[in-house]
Amino acid sequence: MTDPEEYVELVLQVVERVPRGRVTTYGAIADAVGGGPRQVGSVMSRHGGPVPWWRVVRADGSLPPSHEDEARQRYLEEGTPLRRSGSVDIVNAFWGPQ
DNA sequence: TACTTGACATTTT
DNA sequence: AAAAATGCCAAGT
């Protein structure tokens with residue numbers, strides 16, 4: 001059941017489903033596809049290239065520690081609600097797996 | 001089998 | 001508000 005390859009596909013599909021201008025969290029994805037948030041993050045680091053990885057943020061709205069600057073540009077272009085703290089306004093921008 | 005590591009989360013200092 | 005400590009899950013060594 002759920003081979004590693006399938007698990008990766010599930011995660012990537014959820015990310016692709018995130019609407020423009022919204023974001024989701026690793027925990028939400030983990031809750032939807034199973035496993036733990038760390039596992040989701042690991043999958044993203046290995047196979048998150050071709051998907052809008054900037055729409056996936058940490059639980060408090062902070063950006064991934066590896067590509068914040070890139071992600072911030074995307075947010076400015078897409079009109080994602082940002083906070084003065086430099087993080088995403090997770091309260092208004094959060095999108096959960098439907 | 002045991003220890004270490006990692007795009008995390010939550011609670012406590 | 002920011003940093004450290006603890007818990008969690010799976011994979012690699």
Side-chain angles (χ1 to χ4, degrees):
Chain A
M1 155 103 194
T2 44
D3 297 296
E5 301 256 342
E6 292 227 12
Y7 184 75
V8 172
E9 295 302 313
L10 287 171
V11 173
L12 297 183
Q13 279 165 35
V14 173
V15 176
E16 285 177 358
R17 264 166 83 192
V18 178
R20 187 167 172 280
R22 292 280 179 74
V23 298
T24 190
T25 66
Y26 295 97
I29 297 174
D31 192 46
V33 305
R38 307 194 62 122
Q39 190 57 22
V40 174
S42 186
V43 170
M44 293 297 283
S45 71
R46 289 166 45 86
H47 312 281
V51 298
W53 48 262
W54 56 88
R55 292 178 188 158
V56 184
V57 299
R58 288 170 63 159
D60 60 342
S62 303
L63 280 48
S66 304
H67 303 279
E68 315 189 24
D69 314 303
E70 286 289 323
R72 270 220 278 291
Q73 291 297 337
R74 306 284 187 179
Y75 295 150
L76 293 175
E77 292 175 34
E78 300 191 354
T80 306
L82 293 176
R83 258 190 115 181
R84 296 185 52 168
S85 330
S87 311
V88 178
D89 188 348
I90 193 62
V91 177
N92 286 299
F94 178 75
W95 177 92
Q98 294 177 341

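Only this structure's heavy atoms are used, side chains among them; waters, hydrogens and symmetry mates stay out. Residue numbers begin at 1 in each chain, while the letters A, B, ... track the order of the sequences.
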| message | Just to be sure I understand the geometry, which residues of residues 5-23 of chain A put a non-hydrogen atom under 4.0 Å away from DNA chain B? | response |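 Nothing qualifies; none.
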| said: Within residues 75-84 of chain A, which residues have any heavy atom lying less than 4.0 Å from an atom of DNA chain B? | reply: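 Close to the strand, none.
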Taking all non-hydrogen atoms of both residues, which atom of [X] and which atom of [Y] are closest, and how far apart?
X      : Y      : answer
P97(A) : A28(A) : CG-O, 4.0 Å
S87(A) : G61(A) : CB-O, 3.4 Å
A71(A) : L63(A) : CB-CD2, 3.7 Å
P37(A) : A30(A) : N-CB, 3.5 Å

| Position toward the 5' end of DNA chain C (nearest nucleotide), R46(A) or G36(A) |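 Upstream on the strand: G36(A).
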| field | Heavy-atom contact window of chain A on DNA chain C, given 5' to 3' at under 4.0 Å | value | dG7(C) to dA11(C)
| said: Test: side-chain hydrogen bond (donor to acceptor under 3.5 Å, both in side chains). Region: residues 18-27 of chain A. Which pairs qualify, not counting sequence neighbours? | reply: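 Residue pairs passing side-chain hydrogen bond (donor to acceptor under 3.5 Å, both in side chains), neighbours aside: none found.
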| said: Measuring from atom OG1 of T80(A) to atom CD1 of I90(A), what distance do you get when rounded to the nearest 0.5 angstrom? | reply: 10.5 Å
| message | For nucleotides 8-13 of chain B, give me one character per nucleotide, 5' to 3': B if any protein heavy atom sits under 4.0 Å from the base, S if the only such contacts are to the sugar-phosphate, - if neither. | response | BSS---
Cluster overlap [X] with [Y], hydrophobic side-chain contacts below 4.5 Å:
X      : Y      : value
F94(A) : M44(A) : yes
V23(A) : V14(A) : yes
V18(A) : Y7(A)  : no

Residue list, side-chain hydrogen bond (donor to acceptor under 3.5 Å, both in side chains) with [X], at least two apart or on another chain:
X      : value
D31(A) : none
R38(A) : none
S62(A) : D60(A)

| query | With sequence neighbours excluded, what pairs up with E16(A) under the salt bridge (charged side-chain N to carboxylate O under 4.0 Å, His left out) test? | reply | none
| request: Among residues two or more places apart or on two chains, list those pairs meeting ring pair (Phe, Tyr, Trp, His ring centres under 6.0 Å) that have a residue in residues 31-84 of chain A. | output: W53(A)-H67(A)
| request: Please work out if S42(A) contacts a base, only the sugar-phosphate, or nothing of the nucleic acid, heavy-atom cut-off 4.0 Å. | output: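 The answer is nothing, as S42(A) stays clear of every strand by at least 4.0 Å.
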| field | Base-pairing string, 5' to 3', of DNA chain C - Watson-Crick or wobble, under 3.5 Å, | interstrand | value | .||||||.|||||
| Who are the side chain to side chain contact (heavy atoms under 4.5 Å, CB included) partners of Q98(A), not counting sequence neighbours? | R17(A), W95(A)
